[in-house]
Enquirer: 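I have a structure I would like to understand better, so I am pasting it below and will then ask my questions one at a time.
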Amino acid sequence: MVITARALNRSTLHRQLLLEREPLGVAEAVRRVVGLQAQHPGSPYVALWNRVAGFDPEHLDGAVSGFELVRSTLMRLTLHLVHAEDYRAFREGMEPTLRGSRLHDPRFKAAGFTAADADALLPGLLAYAESTRTGAELREHIAKGRGEPVEAVVWRMVRQYAPLWHAPTGPPWSFGTKQAFVTADELPVLGDPEVSAAGLAVLVRRYLEGFGPASIPDMAQFTTAPRGLVREAVKTLEGELERLEGPGGTVLYDVPGAPRPDEEVPAPPRLLAMWDSVLLAYADRGRIIPPEYRKRVIRVNGDTLPTVLVDGYVAGVWRPVEGGIEVSAFHPLAAADWEALGAEAASLGRLLAARDPHVYRRYDHWWVKGLPTVESRVLAY
């Protein structure tokens, strides 16, 4: 079967709940989309507002405070919000990548720590964190065990590698600037290649359910796992997957029976969160971001701006300002598109007003430096 680039776009939007908001609970919605990138505390709220009909932010507060949804370092070595029942397999699948990048980082070694040191301190650290602890308390615990101060880089690498969940410290969102942690309810098995391979196979299949069809480079981009390990995971799943031909003859994989909407299915405008997963989940970002706009959206330091989708593709960026949501278009938009974006802005504005009207203010410098846009409008709410 051959699938077009536009059909791939529609498949992604459908599986990511961006063709139509669905009446789902927040935990089910997060599971459907695999996970939400969550290094900015407000972004999971904006992401679910885009996807869930009648989204109530208090429902997300409750799911996080009850650890039904958990925040931890996972895919792409960054913070994600995932369903607690998915955490163990995802973490086991990410084990080789997290171990290599955190415990073999030259800065970790330069500070006097080795992977063996981390392995030795982990059991005591996890036992200590069975009750919620602040980051300062955990760092001090490591220092006492070592009998010497622990550099900030060591604590950062250890906390990102250890199977710790972030404990809520909000408001206005569930997580604030101060960090607290608790040991994961069901500890993953670390350091076992067979367990890691099985976990990666689970993660790859779940990725295809939420983002497919996709290529091996796409899967590697989403996870940051080496392509060789991803190929092995696909091989173990081969009897469970369909193989398709994508644009330019690219080999794509998908789960049987997964929805693939017609390429002409309408895609409503959306105001995506910073670092929304659909912008980062593929090696070929052109599935959502036109190539000429990529550097405008994904900045040199990795900041991925809050984007405007029109007809399923990035057409601009947005930010909260005094009086409303400022939408800056990269190309001329039709009057009907502006009208639809106005309705989206009014809804989003109500969400932000109750929590943090200037949720992404610290990133305004990208606008100050200048973005090549053709028109900007402040859409009142």
Side-chain angles (χ1 to χ4, degrees), residues 1-19 30-37 47 74-78 80 82 86 89-90 93-94 96-98 101 196-197 199-238 240-261 263 267 272 275-291 293-295 297-298 302 304 307 309 312-314:
M1 178 180 176
V2 179
I3 187 166
T4 67
R6 188 173 174 86
L8 287 175
N9 170 274
R10 292 315 196 245
S11 175
T12 295
L13 296 177
H14 178 83
R15 298 188 203 185
Q16 286 292 300
L17 309 179
L18 291 170
L19 281 184
V30 170
R31 202 160 214 182
R32 282 272 295 274
V33 301
V34 187
L36 299 172
Q37 196 151 329
L74 287 168
M75 291 77 75
R76 297 189 297 283
L77 306 176
T78 194
H80 277 76
V82 301
D86 285 332
F90 287 5
M94 289 300 302
T97 301
L98 283 167
S101 65
S196 298
L200 185 58
V202 171
L203 180 53
V204 162
R205 183 179 175 89
R206 295 278 282 105
Y207 167 77
L208 291 174
E209 291 171 358
F211 291 93
S215 67
I216 285 176
D218 291 331
M219 301 173 211
Q221 170 64 33
F222 176 76
T223 59
T224 324
R227 290 189 185 183
L229 294 181
V230 172
R231 286 192 187 94
E232 288 302 314
V234 169
K235 190 177 294 184
T236 66
L237 294 168
E238 199 135 11
E240 305 174 32
L241 302 179
E242 292 184 7
R243 185 165 167 156
L244 303 86
E245 180 181 336
T250 302
V251 176
L252 303 174
Y253 297 89
D254 204 2
V255 290
R260 299 182 200 126
E263 64 180 29
L272 297 186
W275 291 288
D276 195 285
S277 296
V278 297
L279 306 175
L280 300 168
Y282 301 99
D284 179 7
R285 305 284 172 82
R287 185 180 296 216
I288 300 289
I289 309 174
Y293 299 157
R294 177 172 174 170
K295 290 184 178 180
V297 171
I298 303 174
T304 302
T307 53
L309 293 189
Y313 294 92
V314 169

Enquirer: Please step through side chain to side chain contact (heavy atoms under 4.5 Å, CB included) for the pair Ile3 and Glu245, ending with a clear verdict.
Expert: CA-CA 6 Å; Ile3 187 166; Glu245 180 181 336; over 6 Å; no
Enquirer: Out of curiosity, Asp218 CG to Leu252 CG, how far, rounded to the nearest 0.5 Å?
Expert: 7.5 Å
Enquirer: Could you pull out the closest heavy-atom pair between Ser277 and Gly35, with the gap in Å?
Expert: OG-O, 3.7 Å
Enquirer: If we only count heavy atoms from C-beta on, is the Val34 to Phe211 side-chain gap below 4.5 Å?
Expert: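 In contact.
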Enquirer: Among Ile289, Leu280, Asp276, which one satisfies side chain to side chain contact (heavy atoms under 4.5 Å, CB included) with Thr304?
Expert: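 Of the listed options, the one satisfying the test is Leu280.
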Enquirer: Quick one: does Val82's side chain get under 4.5 Å of Arg31's, heavy atoms only?
Expert: no
Enquirer: Can a donor-acceptor pair be found between the side chains of Arg76 and Gln37 at a distance below 3.5 Å?
Expert: yes
Enquirer: Looking at side-chain heavy atoms only, is the closest gap between Arg32 and Gln16 below 4.5 Å?
Expert: no
Enquirer: Using side-chain heavy atoms (C-beta onward) and a distance below 4.5 Å, is Phe90 in contact with Arg206?
Expert: yes
Enquirer: Under the side chain to side chain contact (heavy atoms under 4.5 Å, CB included) rule, what do Leu244 and Thr250 come out as? Steps first, then yes or no, please.
Expert: CA-CA 8 Å; Leu244 303 86; Thr250 302; over 6 Å; no
Enquirer: Looking at side-chain heavy atoms only, is the closest gap between Arg285 and Val297 below 4.5 Å?
Expert: no
Enquirer: So, are Glu242 and Arg260 salt-bridged, with charged N and O less than 4.0 Å apart?
Expert: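 Salt bridge flag = yes for Arg260 with Glu242.
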Enquirer: Show your reasoning for whether side chain to side chain contact (heavy atoms under 4.5 Å, CB included) applies to Tyr293 and Thr307.
Expert: CA-CA 11 Å; Tyr293 299 157; Thr307 53; over 6 Å; no
Enquirer: Would Asp254 and Arg243 pass as an ion pair if we require N to O under 4.0 Å?
Expert: no
Enquirer: Would you mind reporting whether Leu13 and Ile288 have side-chain heavy atoms less than 4.5 Å apart?
Expert: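 Yes, at least one pair of side-chain atoms sits under 4.5 Å.
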Enquirer: State the CE-OG distance between Met94 and Ser101, to the nearest 0.5 angstrom.
Expert: 7.5 Å
Enquirer: Rounded to the nearest 0.5 Å, what separates atom CZ in Arg231 from atom CD in Glu238?
Expert: 12.5 Å
Enquirer: Assess the side chains of Glu263 and Thr4: does a donor N or O sit below 3.5 Å from an acceptor N or O?
Expert: yes
Enquirer: Look up atom CZ in Arg10 and atom CG in Leu18, then write down how far apart they are to the nearest 0.5 Å.
Expert: 11.5 Å
Enquirer: I'd like to know if the side chain of Tyr282 pairs up with that of Thr12 as donor and acceptor (distance under 3.5 Å, no hydrogens or angles considered).
Expert: yes
Enquirer: Considering non-hydrogen atoms only, spot the tightest contact between Pro261 and Ser11 and give its length.
Expert: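 Here Pro261 and Ser11 meet closest at CD-CA, 3.8 Å.
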Enquirer: Taking the side chain as everything from C-beta on, heavy atoms only, tell me whether Pro213 gets closer than 4.5 Å to Leu8.
Expert: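 With C-beta onward as the side chain, the pair touches.
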Enquirer: Using a strict cut-off of less than 4.0 Å between a Lys/Arg side-chain nitrogen and an Asp/Glu carboxylate oxygen, indicate whether Arg15 and Glu209 qualify as a salt bridge.
Expert: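 The answer is no: the pair does not qualify as a salt bridge.
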Enquirer: Could you pull out the closest heavy-atom pair between His14 and Pro259, with the gap in Å?
Expert: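 What the structure gives for the nearest pair is CD2-CG, 3.4 Å.
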Enquirer: Between Glu232 and Lys235 (salt bridge meaning N to carboxylate O under 4.0 Å), is one present in this structure?
Expert: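 Yes, Glu232 and Lys235 are salt-bridged.
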Enquirer: Do Glu240 and Pro256 touch side chain to side chain, with heavy atoms closer than 4.5 Å?
Expert: no
Enquirer: Considering non-hydrogen atoms only, spot the tightest contact between Tyr207 and Ala281 and give its length.
Expert: OH-O, 2.8 Å
Enquirer: Rounded to the nearest 0.5 Å, what separation is found between the OG atom of Ser215 and the CG atom of Asp284?
Expert: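 So the OG of Ser215 and the CG of Asp284 are separated by 8.0 Å.
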Enquirer: Looking at OH of Tyr253 and CD1 of Ile216, how far apart are the two atoms once the value is rounded to the nearest 0.5 Å?
Expert: 4.5 Å
Enquirer: Taking all non-hydrogen atoms of both residues, which atom of Asn9 and which atom of Arg287 are closest, and how far apart?
Expert: ND2-O, 3.0 Å
Enquirer: Using only atom types and a distance under 3.5 Å, with no angle test, would you say the side chain of Trp275 pairs donor to acceptor with the backbone of Leu36?
Expert: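 Side chain of Trp275 to backbone of Leu36, a donor-acceptor pair under 3.5 Å: no, none is there.
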Enquirer: Evaluate the side chain to side chain contact (heavy atoms under 4.5 Å, CB included) criterion for residues Arg6 and Tyr313: first the C-alpha distance (whole Å), next the side-chain angles of each, then the deciding distance (0.1 Å), finally the verdict.
Expert: CA-CA 10 Å; Arg6 188 173 174 86; Tyr313 294 92; 4.0 Å; yes
Enquirer: Name the one of Leu77, Thr223, Leu200 that satisfies side chain to side chain contact (heavy atoms under 4.5 Å, CB included) with Thr97?
Expert: Leu77
